[in-house]
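Worksheet: one structure, shown below.
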Amino acid sequence: MSYCINPECQNPENSPTAKLCLNCGFNLLLRQRYRPIQLLGKGGFGKTFLAIDEDIPSQPRCAVKQFYFCDRDPDIFNKALDLFHQEAVRLDELGKHPQIPTLLAAFEQEGHIYLVQEFIDGPTLKQELDDNVCDENQIWQLLQDLLPVLQFIHDKRVIHRDIKPENIIRRLSDNKLVLIDFGIAKLLTDSALLRSATLIGSQDYVAPEQMRGKVFPASDLYSLGVTCIRLMTQVPPLDMYDCKTERWWWREFLPKGTTISAELGEILDKLLQTHLCKRYSFAAEVLQDINAVLDIRQQNIVCQAKSGKKPIAKLGP
């Protein structure tokens, strides 16, 4: 099937080989090679489609992001294109990390702008959450898997702005976690060039300073902490937050019989601090604390093995 990506089209489904939409006449091929076949999702500033690349014999799948505009003035549109290409350069650089989708193309066509990225095959953590909650070892593994990715993007002076289970995919080919949906719309939104999307990020997961329009590497770390407690409880994040005391009461919502080590609890609590001065500032700081815990646990295992006692379960991978 071919899927028409004209925002005004009322009947987007077309035959797999059609060139133009039978309903609205919109071009079904982007750059005469990318054929959208399915709507994957939509938000305040655009839509994401699953597509195939017809230029390559194997016709690999890719993800196409289409961005909306609130003003059709040519000068404003040209300014948006300039900003868009600036952001695309950064995405191209970020995509060199193995846990970030590769950027395949960035272009304008028929009054819309598009990003084409590598399609990551696998479930999101939100989809996994629908089946079961994460235990402590899974959270340790998640932190060890994602924190180096955050350190990489922060070193490139990029803030993701929308860390949440829906934006983390477990890649089927190697079981690695992949971070998707970077806030490329940020510059365009700041310039009032996109439809109303006053906040890049999901309210349940964003840090307090992000709600006020300020972002730092620590803002992503806060969202990662909220993601962790969501995965451990299956409870909507804001249901675990007390606005009066400005504290998270996530332990009270853990499934019955679940115990969390003091070490993990301390790390999560520091990720979730409302005030920046009390929160981790950089991913490297969190990794340092995690490695310290791992070292102590490993030493305990060795000592217990030498004494003939049954070793405790190993923490992490």
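With a 4.5 Å cut-off on side-chain heavy atoms, D289 and E266 do not count as touching. At least one side-chain heavy atom of L39 sits less than 4.5 Å from a side-chain heavy atom of K47. By the 4.5 Å heavy-atom criterion applied to side chains, Y34 and C62 are counted as neighbours. Side-chain atoms of T258 and M232, non-hydrogen and from C-beta on, never get closer than 4.5 Å to each other. Residues N14 and L20 fail the side-chain proximity criterion, which asks for heavy atoms closer than 4.5 Å. Contact check for Y205 versus D162: no side-chain heavy atoms found under the 4.5 Å cut-off. Using a 4.5 Å cut-off on side-chain heavy atoms (C-beta onward), V178 and P101 make contact. Within the 4.5 Å cutoff, side-chain heavy atoms of P7 are placed close to those of Q66.
Listed for the E209 side chain is no donor-acceptor partner under 3.5 Å among the backbone atoms of L276. Listed for the Q234 side chain is a donor-acceptor partner under 3.5 Å among the backbone atoms of L129. A donor-acceptor pair under 3.5 Å is formed between the side chain of Q10 and the backbone N or O of E8. No side-chain donor-acceptor contact under 3.5 Å links H154 to the backbone of H160. The closest donor-acceptor contact from the side chain of D220 to the backbone of R161 lies under 3.5 Å.
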Verify side-chain contact (heavy atoms from CB on, under 4.5 Å) between V286 and L150, making sure each step is shown before the conclusion. CA-CA 11 Å; V286 195; L150 290 182; over 6 Å; no
Audit row: E246, H275, side-chain contact (heavy atoms from CB on, under 4.5 Å) steps and yes/no: CA-CA 9 Å; E246 295 186 333; H275 301 289; 3.5 Å; yes
With side-chain contact (heavy atoms from CB on, under 4.5 Å) as the test, would you mind laying out the steps for L94 and K156 before giving the verdict? CA-CA 8 Å; L94 295 179; K156 302 291 185 183; 3.9 Å; yes
Full working for side-chain contact (heavy atoms from CB on, under 4.5 Å) between C4 and L28: CA-CA 6 Å; C4 179; L28 294 174; 3.8 Å; yes
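In this structure, CG in L91 is found 11.0 Å from NZ in K96, a value given to the nearest 0.5 Å. Atoms CD1 and CD1, from I169 and I120 in turn, are 6.5 Å apart once rounded to the nearest 0.5 Å. Taken to the nearest 0.5 Å, the NZ atom of K270 stands 11.0 Å off from the CG atom of L221. Atom CZ of R251 is separated from atom CD1 of I260 by 8.5 Å, given to the nearest 0.5 angstrom. If you take CD1 on I229 and SG on C134, they are separated by 13.0 Å, rounding to the nearest 0.5 Å.
With respect to R61 and D121, a salt bridge is recorded, a charged nitrogen being found less than 4.0 Å from a carboxylate O. Note on R31 versus D55: no salt bridge recorded, every NZ/NE/NH1/NH2 to OD/OE distance being 4.0 Å or above.
Annotation for A207 and S223: closest pair N-OG, 4.4 Å, computed over non-hydrogen atoms. Across every non-hydrogen atom of E136 and T259, the tightest pair is OE1-O, 3.8 Å. The shortest non-hydrogen separation linking P237 to W248 is O-CZ3, 3.0 Å. When all heavy atoms are compared, the tightest approach of P165 to T124 is O-CB, 3.7 Å. The two atoms that bring I100 and E118 nearest to each other are O-OE1, 4.2 Å, heavy atoms only.
Counting non-hydrogen atoms of neighbouring residues, nucleotides and ligands closer than 6.0 angstrom, the CD atom of E252 exceeds 12 such neighbours. Residue-environment remark: CD (Q288) stays at or below the threshold of 12 foreign heavy atoms within 6.0 Å.
Using bins of under 30°, 30° to 60° and over 60° for the plane-to-plane angle, the ring pair Y3/F49 lands in the tilted bin.
Side-chain polar atoms of D269 and W250 form a donor-acceptor pair below 3.5 angstrom. Judged purely by distance below 3.5 Å, without hydrogens or angles, the side chains of N132 and E128 never pair a donor atom with an acceptor atom.
Under the rule for a salt bridge (charged side-chain N to carboxylate O under 4.0 Å, His left out), E285 has no partner lying at least two apart in sequence or in another chain.
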